[in-house]
Amino acid sequence: MGMERKIPSSEFELNQMYSEPVFFEDGKNMFLSAGKTVKQYHLKAIKDWNIQYFLTSGHLITDAIEVELESLNPAEEVEELEELEELEEI
């Protein structure tokens, strides 16, 4: 992971989204996947488990276009095309 930064749990709001996974205080266990929105059950867990902060190397996504760009993985598309080309050759 790159430069991790602490995010106070008080900053989490419903429907927020981060560009990279968000981890618990231990830096190992994931709380929220990249590109997934904060749901009500996430906010409940923060309160119930008295979580003070999270760690992430990502940033808060505020633009829907950015979400689409973040979710595109050109490497996967190339691999799929190569597999299709191999099948066509057979």
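Just so it is clear, the values below take in all heavy atoms, side chains as well, and ignore hydrogens, waters and symmetry mates. Numbering of residues begins at 1 and proceeds along the displayed sequence.
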Peer 1: Are Phe54 and Tyr41 connected in the hydrophobic side-chain network, where two residues link if heavy atoms are under 4.5 Å apart?
Peer 2: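 Looking at the clustering, Tyr41 is in a separate group from Phe54.
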Peer 1: Could you pull out the closest heavy-atom pair between Ala45 and Phe31, with the gap in Å?
Peer 2: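 Scanning both residues completely, I find the closest heavy atoms to be CB-CE1, 4.4 Å.
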Peer 1: With a 3.5 Å distance limit and no angle check, can you tell me whether Thr56 reaches the backbone of Pro21 through a side-chain donor-acceptor pair?
Peer 2: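 Judged by distance alone, yes, a pair lies under 3.5 Å.
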Peer 1: Give the minimum heavy-atom separation between Leu60 and Met17, together with the two atoms involved.
Peer 2: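 It is CD1-O, 3.3 Å.
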Peer 1: Taking the six-membered ring for Trp, are Phe24 and Trp49 parallel (under 30°), tilted (30 to 60°) or perpendicular (over 60°)?
Peer 2: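 Because their plane-to-plane angle lies in the 30° to 60° range, the rings of Phe24 and Trp49 count as tilted.
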Peer 1: With side-chain hydrogen bond (donor to acceptor under 3.5 Å, both in side chains) as the rule and sequence neighbours excluded, what pairs involving residues 27-36 come up?
Peer 2: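 Residue pairs passing side-chain hydrogen bond (donor to acceptor under 3.5 Å, both in side chains), neighbours aside: Asp26-Asn29.
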Peer 1: Among all residues two or more places apart in sequence or in another chain, which pass the side-chain hydrogen bond (donor to acceptor under 3.5 Å, both in side chains) test with Gln52?
Peer 2: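 Result, side-chain hydrogen bond (donor to acceptor under 3.5 Å, both in side chains) vs Gln52: Asn50.
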Peer 1: Gly58 and Ser19: which non-hydrogen atoms are nearest, and at how many Å?
Peer 2: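 Closest pair (atom of Gly58, atom of Ser19, distance): CA-OG, 3.3 Å.
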Peer 1: Would Leu32 and Phe23 satisfy side-chain contact (heavy atoms from CB on, under 4.5 Å), going step by step from the backbone distance to the final call?
Peer 2: CA-CA 7 Å; Leu32 186 68; Phe23 293 88; over 6 Å; no
Peer 1: So, for Ser9 and Ile51, which heavy atoms are closest and what is the spacing to 0.1 Å?
Peer 2: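 Answer, listing the atom of Ser9 first, then Ile51: OG-O, 2.5 Å.
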Peer 1: Ile46 and Phe12: side-chain contact (heavy atoms from CB on, under 4.5 Å), yes or no, with the steps?
Peer 2: CA-CA 9 Å; Ile46 290 170; Phe12 276 77; 3.9 Å; yes
Peer 1: Walk me through whether Asn15 and Val38 qualify under side-chain contact (heavy atoms from CB on, under 4.5 Å).
Peer 2: CA-CA 5 Å; Asn15 298 321; Val38 175; over 6 Å; no
Peer 1: Among Lys47, Lys39, Gln40, whose side chain to side chain contact (heavy atoms under 4.5 Å, CB included) with Leu43 holds?
Peer 2: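 Single side chain to side chain contact (heavy atoms under 4.5 Å, CB included) partner of Leu43 among Lys47, Lys39, Gln40: Gln40.
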Peer 1: Knowing that exactly one of Glu25, Glu4, Arg5 qualifies, which makes a side chain to side chain contact (heavy atoms under 4.5 Å, CB included) with Leu55?
Peer 2: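 Result: among Glu25, Glu4, Arg5, Glu4 is the only option passing the side chain to side chain contact (heavy atoms under 4.5 Å, CB included) with Leu55.
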Peer 1: Output every pair passing salt bridge (charged side-chain N to carboxylate O under 4.0 Å, His left out) with a member in residues 9-18, not counting sequence neighbours, ordered by first then second residue.
Peer 2: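 Sorted result for residues 9-18: empty, none.
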